[in-house]
Amino acid sequence: MGDDIVHRRITVRRFGGPEELRTVRATLPPPQPGHARLRVLAAGVGFTDLMARSGDYLLQRRVPFTPGYELVGEVVDAAPGEGDEAAPPPPGTRVAAALTKMGAYSEYVSLPLRRLVPLPDGLDPVRAAALPLDYLTAISVLETHARVEPGDTVLIQGAGGGVGQAISTLGRLRGLTMYGTASSPGSAERLARHGVTFIDYRREDVERRLRELEPGGVRAVFDHIGGANLGTGYRALAPGGVLVSYAFAGRPGRMVADTVRGAARVKLMNLRPGRRTALSMVPAEIKAGPAWYRESLARVLQLAADGVVAPETGGVYPLTDAARVHAALERREITGKVVLTPG
Ligand SMILES: NC(=O)c1ccc[n+]([C@@H]2O[C@H](COP(=O)([O-])OP(=O)(O)OC[C@H]3O[C@@H](n4cnc5c(N)ncnc54)[C@H](OP(=O)(O)O)[C@@H]3O)[C@@H](O)[C@H]2O)c1
């Protein structure tokens, strides 16, 4: 087995602003049984990374930690596991992975073999690194929780965001009729490209507008804001419909308490008869369903290789620019999915 690898990774030393993201040297020992070491080719940046860096995230890591839930890498070496662990891929194999405890902003990582999903031939690592978390979330809300069928009508709150676009893209492939809320300039055109009818949540009364468009209500609502949006979404449902919550936009510094409160409210709403509510938490779903994870990610990667799925990119930046990227995202100077490359 190989030697220790000395490399660079991005670490949050203490919770705070983008300036707390520092490049540090680290040592990666040879892989444990059932693990592989990967040279990271590209790591996706998600809104969740910004929350975790501030110390304001429900599944918060303790400092110091390395952010990043998703990556594409090349296998350096691997150690077989015991029992029914996946067989170790040969060195040089390109794989994608969603992580359950973050750590993707790094030159090298060690991951369990069951997390590695081979990249289809010809798929660009940068394009692939933008997919895992957003598209697994989209599959979770559409398939696991809402169980939508072709022809169903849905409302996607924040349809222009990373997850919103993933829901729209997969929703279109399923033949859904989709309405989406957004506010940033160009949203109407951007949503229309995914087959989504735009509702401006800053200028329009979303509930009233949706009632005009769909008097009978919609089959499913997908929400990551919480608060008043939960009531709006619930009232927009047709009988038998489902409201799926996958995040709560809490007050800065109180995000965790607000998320817990929001989740409790969603569970209570589910006690009412006639409609359903559900919570999606993908890191937990990956851990609980390794087969679901592998099948879903493989399917998304193949759709990307076939050119059917192509997330709007917000740019590709060197790994060591992570702090600048977080700052630009916070100032909303970048839209679309950002990917960091260590090379
Ligand atoms: N459950 C899970 O496992 C899971 C997985 C991944 C992500 N998440 C969470 O999901 C959330 C979204 O992530 P993301 O990466 O898609 O974020 P993102 O790319 O930053 O998108 C968020 C979008 O929300 C929209 N928005 C903001 N306020 C809104 C409001 N009041 N009503 C409707 N839309 C509003 C914004 O649209 P405009 O700019 O057009 O206003 C923005 O495009 C985050 O909280 C993230 O932590 C959860």
Side-chain angles (χ1 to χ4, degrees), residues 44-54 56-60 67-70 98-100 102 130-142 144-145 155-169 179-191 194 196 198-207 209-210 221-233 244-250 252 255-256 258-259 262-263 266 278-289 293 296 311-314 325-326 328-338:
V45 177
F47 184 78
T48 315
D49 302 342
L50 279 61
M51 291 161 65
R53 190 209 66 228
S54 315
D56 221 6
Y57 174 47
L58 185 65
L59 307 177
Q60 187 65 59
Y69 263 131
E70 54 199 351
L99 287 56
T100 55
M102 301 198 144
L131 301 170
L133 189 64
D134 290 352
Y135 276 81
L136 287 170
T137 308
I139 291 176
S140 161
V141 302
L142 286 165
T144 308
H145 296 289
L155 170 67
I156 306 163
Q157 297 277 23
V163 178
Q165 277 189 47
I167 298 173
S168 314
T169 304
Y179 299 95
T181 61
S183 74
S184 44
S187 289
E189 297 73 28
R190 202 169 319 119
L191 268 56
H194 295 285
V196 177
F198 168 58
I199 302 175
D200 188 333
Y201 68 84
R202 286 194 206 272
R203 294 179 181 196
E204 295 178 86
D205 178 331
V206 174
E207 196 172 337
R209 181 82 187 108
L210 197 62
V221 174
F222 306 111
D223 184 74
H224 68 272
I225 303 296
N229 265 25
L230 294 180
T232 305
V244 185
S245 265
Y246 62 93
F248 301 88
M255 226 63 112
V256 173
D258 288 348
T259 299
V266 169
L279 290 164
S280 160
M281 202 178 285
V282 168
E285 290 169 23
I286 292 172
K287 271 193 216 161
Y293 160 75
S296 302
E312 191 184 310
T313 169
V325 166
H326 274 217
L329 285 167
E330 280 181 355
R331 290 194 299 265
R332 304 188 81 173
E333 289 168 7
I334 303 179
T335 50
K337 186 82 182 180
V338 176

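Counting starts at 1 for both ligands and their atoms, following the listed order. Starting from 1, each residue takes its place in the sequence as its number. In what follows, every heavy atom counts, from backbone to side chain, and hydrogens, waters and symmetry copies are set aside.
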Open item on the list: Among all the protein's non-hydrogen atoms, which is closest to atom 47 (O) of ligand 1, and how far away is it?
Closed with: Thr48 OG1, 2.9 Å
Task: Those atoms of ligand 1 less than 4.0 Å from some heavy atom in Ala247 - done: 9 (C), 10 (O), 11 (C), 45 (O)
Open item on the list: How far is atom 3 (O) of ligand 1 from the closest protein heavy atom, and which atom is that?
Closed with: Val282 N, 2.7 Å
- [ ] Drop me the distance from Phe222's CZ to Leu155's CG, to the nearest 0.5 angstrom.
- [x] 9.0 Å
Task: For ligand 1, the portion of Ile225 having any non-hydrogen atom under 4.0 Å away - done: side chain
Task: Under 4.0 Å to a heavy atom of Gly160 - the qualifying atoms of ligand 1, by number - done: 43 (O)
Task: Which residue and heavy atom of the protein sit nearest atom 25 (C) of ligand 1, plus the separation - done: Gly158 CA, 3.8 Å
Open item on the list: Using heavy-atom distances only, which candidate in Tyr57, Tyr69, Phe47, Tyr201 approaches atom 32 (N) of ligand 1 most closely?
Closed with: Tyr201
Task: Side chain, backbone, both or neither: His224 near ligand 1, heavy atoms under 4.0 Å - done: side chain
Task: Tyr201-Ser183 side chain donor-acceptor pair, cut-off 3.5 Å - done: yes
Open item on the list: Below 4.0 Å, non-hydrogen atoms only: which portion of Thr335 touches ligand 1? Side chain, backbone, both or neither.
Closed with: neither
TODO: Name the closest protein heavy atom to atom 21 (O) of ligand 1, giving the residue it belongs to and the distance to 0.1 Å.
DONE: Gly161 CA, 3.2 Å
Task: Separation between OH of Tyr135 and CG of Leu142, rounded to the nearest 0.5 Å - done: 11.0 Å
TODO: Can you figure out which of Gly227, Gly250, Gly162, Ser245 has its heavy atom closest to atom 19 (O) of ligand 1?
DONE: Gly162
Open item on the list: Please state which option from Val163, Val338, Thr137 has its nearest heavy atom closest to atom 5 (C) of ligand 1.
Closed with: Thr137
Open item on the list: Testing the basics here: between Val266 and Ser245, what is the closest heavy-atom pair and its distance to 0.1 Å?
Closed with: CG2-OG, 3.5 Å
Open item on the list: Taking 4.0 angstrom as the limit and counting only heavy atoms of Pro283, give me the atoms of ligand 1 inside it, by number and element.
Closed with: 3 (O)
- [ ] Mark up the atoms of ligand 1 that fall under 4.0 Å of a heavy atom belonging to Ser183, in ascending order.
- [x] 38 (P), 40 (O), 41 (O)
- [ ] Would you mind checking if Glu312 and Lys337 are paired as a salt bridge, meaning a charged N to carboxylate O distance below 4.0 Å?
- [x] no
Open item on the list: Could you tell me, atom by atom, which parts of ligand 1 come under 4.0 Å of a heavy atom of Ser280?
Closed with: 1 (N), 2 (C)
Task: Which of the ligand 1 atoms, numbered from 1, are nearer than 4.0 Å to a heavy atom of Met281 - done: 1 (N), 3 (O)
Open item on the list: Using the rule given for side-chain contact (heavy atoms from CB on, under 4.5 Å), can you reason through Val196 versus Tyr179, listing the C-alpha separation, both sets of side-chain angles and the distance that settles it, and then say yes or no?
Closed with: CA-CA 5 Å; Val196 177; Tyr179 299 95; 5.6 Å; no
Open item on the list: Can you tell me which portion of Glu285 lies within the under-4.0 Å heavy-atom range of ligand 1? Options are side chain, backbone, both, or neither.
Closed with: neither
- [ ] Indicate yes or no for a side-chain donor-acceptor contact from Thr181 to the backbone of Gly158 under 3.5 Å, with no hydrogens or angles considered.
- [x] yes
TODO: Using a 4.0 Å heavy-atom threshold (strictly under), name the region of Ala182 that reaches ligand 1: side chain, backbone, both or neither.
DONE: both
- [ ] Under 4.0 Å from a heavy atom of Tyr246: give me the atoms of ligand 1 that qualify, with their elements.
- [x] 1 (N), 2 (C), 4 (C), 10 (O), 48 (C)
- [ ] Would you mind running through ligand 1 and noting each atom that sits below 4.0 Å from a heavy atom of Arg332?
- [x] 36 (C), 38 (P), 39 (O), 41 (O)
Open item on the list: At under 4.0 Å between heavy atoms, is it the side chain or the backbone of Thr181 that contacts ligand 1, or both, or neither?
Closed with: side chain
Open item on the list: For Gly164, is there any backbone N or O sitting under 3.5 Å from a side-chain donor or acceptor partner on Ser168?
Closed with: yes
TODO: Search all heavy atoms of Gly160 against all heavy atoms of Gln165 and return the closest pair with its distance.
DONE: O-NE2, 3.3 Å
- [ ] Ignoring hydrogens and angles, tell me if any N or O in the side chain of Glu70 forms a donor-acceptor pair with the backbone of Leu133 under 3.5 Å.
- [x] yes
Open item on the list: Applying side-chain contact (heavy atoms from CB on, under 4.5 Å) to Arg331 and Leu329, what does each step give before you reach the verdict?
Closed with: CA-CA 5 Å; Arg331 290 194 299 265; Leu329 285 167; over 6 Å; no
- [ ] Report yes or no: does Gln60 contribute a side-chain atom to a donor-acceptor pair with the main-chain N or O of Tyr57 at less than 3.5 Å?
- [x] yes
Task: From OG1 (Thr259) to CG (Leu58), nearest 0.5 Å - done: 5.5 Å
